[in-house]
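Just so you know, ligand 1 is whichever comes first in the structure, and atom 1 is the first atom listed for that ligand.
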Amino acid sequence: MNPRDLIADKKRIVVKVGSSSLTHAETGGLDYTKLEVLVRELCNIHNQGKEVILVSSGAISVGRRVLRIPKKDGSLSEKQACAAVGQARLMMTYQKLFAEYNHVAAQILMTKNTIVDDLNRFNARNTFAELLSLGAIPIVNENDTIATYEIEFGDNDSLSAIVASLVGADLLILLSDIDGLYTDDPNKNEDAKFIPYVERLDEHIMEMGKKSTGSAVGTGGMNTKLQAAKIATCSGADMIIANASDMRILHRIMDGREIGTFFAAHEDEGFDLISFVEGMNQ
Ligand code: GLU
């Protein structure tokens, strides 16, 4: 059986969207058209009786724009200040858009400590469960205003997979500015071949991630997406990487169409999320 045929039965879905897919490249300002379509698609999935969690980047990029800070690599405190302003702006926009479709958006900000610390993890899991049972749509980001190197996830690809693992999601969709996984970087090698389906994440596949470049806006490249695939699939969730240039791709994915790269879940009893997170950035 084609695993895409089972997508319609998924119950708990995490969708991750990167900064480059939510903002205009030239200015860093929010792309309202894309945001609107994204929110409409998520509400529609929710209306089908599914639970939806959005992991959204964009805080720093939006904050830079609001504070008129042009440079990408400023000091840590500058980045944190941008995130503080941008995250609030981002949530204000999401709240408004979700409300237009009579849905409730909720904010959850996380650091590595949220996972590593037993009490924090317990509380976070309970909060997700409560919000989902109340019909809200949690919107997650890294808590960039306080995260420093020691406690940061660093990229939202990994964060979204960690969230999928924490809440026991059965599907993770990474929306990005690439179509999916290629044998090599398609921007540099025109012979690079698209890979629609990955049954197992072996060394050979992991190696492909290292060859690809990331986007100019977000922090994730193919490498972090394959790390995310490892976390998600070992935790029992299928994962799909797809291109966010048209957000309507979400319902096409949910219809089971052959879009993006599909990574098949292989739940691994031995996978330990806490140790994994502890080992990040070390
Ligand atoms: N947390 C960052 C932000 O919201 C983005 C991280 C990423 O691009 O993966 O700006």
Checklist entry - For atom CD of Q48, is the number of surrounding heavy atoms from other residues, nucleotides or ligands below 6.0 Å larger than 12? => result yes
Checklist entry - If only atom types and distance count, is the side chain of S160 paired as donor or acceptor with the main-chain N or O of N156 below 3.5 Å? => result yes
Checklist entry - Against heavy atoms of D155, which atoms of ligand 1 measure under 4.0 Å? => result 9 (O)
Checklist entry - Based purely on interatomic distance, does N141 place a nitrogen or oxygen under 3.5 Å from a nitrogen or oxygen of ligand 1? => result yes
Checklist entry - Any N/O of A59 closer than 3.5 Å to an N/O of ligand 1? => result yes
Next on the checklist: Check this for me - ligand 1, D144, N or O atoms closer than 3.5 angstrom, yes or no?
Outcome noted: yes
Checklist entry - What ring-ring contact (aromatic ring centres under 6.0 Å, His included) pairs are there with at least one residue in residues 156-193, not counting sequence neighbours? => result Y182-F194
Checklist entry - Has the side chain of N123 got a donor or acceptor atom that lies under 3.5 Å from a matching backbone atom of L119? => result yes
Item to check | Which of the ligand 1 atoms, numbered from 1, are nearer than 4.0 Å to a heavy atom of N156 | outcome: 1 (N), 6 (C), 7 (C), 9 (O)
Checklist entry - Between the main-chain N or O of A237 and the side-chain N or O of S235, is there a donor-acceptor pair closer than 3.5 Å? => result no
Next on the checklist: Under 4.0 Å from a heavy atom of I60: which atoms of ligand 1 are those, numbered in the order shown and with their elements?
Outcome noted: 3 (C), 10 (O)
Checklist entry - Where the side chain of H103 meets the backbone of N44, is there a donor-acceptor pair that is under 3.5 Å apart? => result no
Item to check | Sub-4.0 Å heavy-atom contact, G58 with ligand 1 | outcome: yes
